[in-house]
Amino acid sequence: MKNMIQSLKGTRDFYPTEMAARTWLYQVLRQISESFGYQEYDGPFLESINLYAAKSGEELVKEQSFVFPDRGGDLITLRPELTPSLARMVAGRQGQLVYPLRWWSFGPFWRYERPQKGRTREFFQWNVDMIGANSPEADAELIAILVTFFRQVGLGTEDVLVCINNRRLLDAQLSGMGITPEMKPSISRWIDRRDKMNPEAWDAYGLESGLSAAQLVLMKEMLASQDLWQQSDELVRLFSALEALGVSAYVRYDPGVVRGLDYYTGTVFEAQDVRGDVRRAILGGGRYDNLLADVGGEPLPGVGFAMGDVVIGLILESKGLLPADLGKCPADVIVTVFDQERQGASLSLAASLRQAGLNVICYPEAAKLPKQFKYADRLGIRLAAVIGPDEAANGTVTLKDLSSGDQTTVARAEAAQHLKEMLG
RNA sequence: GUGCCUGUAGCUCAAUGGCAGAGCGCUUGACUGUGGAUCAAGUUGUUGAGGGUUCGACCCCCUUCAGGCACCCCA
């Protein structure tokens, strides 16, 4: 053990159980995405650093992405997110695509950060985007997709909540308080940190960020408001659409949601674990109406969200919502090997059973039957087929159901049919 | 990148600076053509790694690696 080369910090080994969980999640996400008519796509895992530097702030990319020079000296990066790639892909075929386009993806991403609970350096993300529509109803559709996902995996309103705000409404509020455009980024950051600091420190931080005492009071009032959304036509239409889509129970207006991304322009939202076991956002998203133009395309509005596999995996696991049989051996049948003399008969029986469509393991060597049965038992294989001296002499095979203990001896040619019936 | 905590058998954890242990697991047998249960026996270690202090280090000190928590950040 001591000389074993360890996995890289922040990466995960996917043993069969974990791999099955990932595949299961992928399959659920596909089903949900496709039920809303979204098409699957993917971008490259490697991108030029310039793709992100254009929009996300250069220091951030350099400090939090895996960046290295290729052999020609150009800086390339393991993609830290998908939206810029999506924008480039759409811009690259802007005239040939059918709008509004609805695309989804599930793949790996990398961020060079310090790993901790719910955060790794290599993770998978579900991305869902609609480009070419700018209605609040389009925003509502994206939120309905993620709520449908929550419902599908068994997360109820007592587990998760989608908090929604609107950047334009927030901007108008800030302007109304006399906050200048130059101050807005730092004020946004200050708002974003409200839940992460104690009240006194947060107040002090707000004053440091340039708020006057009077503005601080106004800000607190604004952030406590439950019905400010009624002043935003977009939010009124959004919540109306969410009602029609049947997902109102999962959503709430939250004037404190700002999201970290610079490119969001309108609706922003994030989903949180209600009980707060994991204090990290489960997913985040919003409307980005300028991103296409920013990567060199014609202006096109977009809205989308991304969900990482790590936090949702922790939540599903803690609530017992992952399927119970993940990572089980896929074999339906084990063919035992009585002794070396009978091994050939077992191998050919296994081959014929596979030919008939069954998943079959043949024990790889002659061994005591108890050992072979125990092996099958531990792998969760339901059925066993035995060819011993008696069966070999008669051209038969003994079939046993390992869960009930029942067994029967049949002609070898009928074995596949019998086994299928036993599988039910 | 910063601070704090943790690291002992495959797993969960004991051992006040003085012989490295327990439970579970695993192997074998009771049962040489039938698994799960029971019983019995056996097995499991460079105490994360490297250095230092000491007659003697799992224990104290330094360094390093890994994990957790909180910062930072979350595109």
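Chain naming here is simple, since letters A, B, ... match the order of the sequence lines and numbering starts at 1 in each.
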Closest to side chain of A:Pro115, choosing from B:C73, B:U34, B:G68: B:G68

For the residue pair A:Thr398 and A:Glu391, confirm or rule out a side-chain donor-acceptor distance under 3.5 Å. yes

For A:Ile381 and A:Gly10, find the nucleotide of RNA chain B closest to each by heavy atoms; which residue's nucleotide sits nearer the 5' end? A:Ile381

Using purine N1 to pyrimidine N3 plus N6-O4 or O6-N4 for Watson-Crick, or N1-O2 and O6-N3 for G-U wobble, both under 3.5 Å, which nucleotide pairs with B:U47? none

My understanding is that a pair needs two contacts under 3.5 Å, Watson-Crick or G-U wobble. By that rule, which nucleotide pairs with B:C4? B:G68

In whole angstrom, give me the gap between the C1' atoms of B:A66 and B:U53. 26 Å

Whole angstrom is fine here: how far is it from CZ in A:Phe338 over to C1' in B:G33? 5 Å

Nucleotide B:C24, atom C1' - distance to CZ of A:Arg378 in whole Å: 13 Å

Between B:U28 and A:Lys371, is there an OP1 or OP2 to side-chain N/O distance shorter than 4.0 Å? yes

Using the side-chain heavy atoms of A:Asp390, tell me which of these nucleotides is nearest: B:U34, B:C71, B:G33. B:G33

What about A:Glu391, does its side chain sit under 3.5 Å from the base of B:G33 through a donor-acceptor pair? yes

Over how many whole Å does the gap from A:Ile334 atom CD1 to B:U34 atom C1' extend? 12 Å

Looking at every strand, decide which applies to A:Gly284 at a 4.0 Å heavy-atom threshold: base, sugar-phosphate, or nothing. nothing

Does any donor atom in the side chain of A:Glu47 or A:Ser85 lie under 3.5 Å from an acceptor atom in the other side chain? yes

Report the base-pairing partner of B:U38 (Watson-Crick or G-U wobble, both distances below 3.5 angstrom), or none. B:A30

A:Phe124 and A:Phe109: aromatic ring centres closer than 6.0 Å? no

Nearest of B:G33, B:C73, B:C69 to any side-chain atom of A:Glu113? B:C73

Is A:Lys9 close enough to B:A66 that one of its side-chain N or O atoms is under 4.0 Å from OP1 or OP2 there? yes

Could you check whether A:Trp103 and A:Tyr38 have their ring centres less than 6.0 Å apart? no

Pick base, sugar-phosphate or nothing for A:Gly286, based on heavy-atom distances below 4.0 Å to the nucleic acid. nothing

Measure the distance from CD on A:Glu341 to C1' on B:G33 and round it to the nearest whole Å. 15 Å

In this structure, how many angstroms lie between the P atom of B:U34 and the CZ atom of A:Arg382, rounded? 23 Å

Could you give the distance separating B:A22 and B:G45 at their P atoms, to the nearest angstrom? 13 Å

In whole Å, what separates the P atom of B:A37 from that of B:U28? 16 Å

Return the pairing partner of B:C19 with a 3.5 Å limit on both distances, Watson-Crick or G-U wobble; otherwise return none. none

Considering only atom C1', compute the distance from B:A70 to B:U63 and round it to an integer number of Å. 24 Å

C1' atom, B:C58 versus B:U16: distance in rounded Å? 13 Å

What's the CZ-P distance between A:Arg114 and B:C72, to the nearest Å? 14 Å

On a whole-Å scale, what distance lies between the P atoms belonging to B:U44 and B:C62? 35 Å

Does a side-chain N or O of A:Gln407 approach OP1 or OP2 of B:U34 to a distance below 4.0 Å, or not? no

When the distance from CD of A:Gln116 to C1' of B:G3 is rounded to whole Å, what number comes out? 13 Å

Any-strand Watson-Crick or G-U partner of B:A14, both distances under 3.5 Å: none

Given the ring of A:Phe373, does A:Lys368 sit roughly above its face, with NZ or CZ under 6.0 Å from the centre of the six-membered ring and within 45° of the axis? no

Quick one: does any side-chain atom of A:Lys420 pair with a main-chain N or O of A:Ala356 as donor and acceptor, under 3.5 Å? yes

Distance between the P atoms of B:C11 and B:G48, in whole angstroms? 13 Å

May I have the distance from A:Lys374 (atom NZ) to B:A37 (atom C1'), rounded to whole angstrom? 11 Å

Nearest-Å distance once atom P is located in both B:U43 and B:G10: 16 Å

Kindly state whether the ring of A:Trp126 and the ring of A:Phe149 have centres lying under 6.0 angstrom apart. yes

Check whether any side-chain nitrogen or oxygen of A:Lys368 sits under 4.0 Å from OP1 or OP2 of B:G29, and answer yes or no. yes

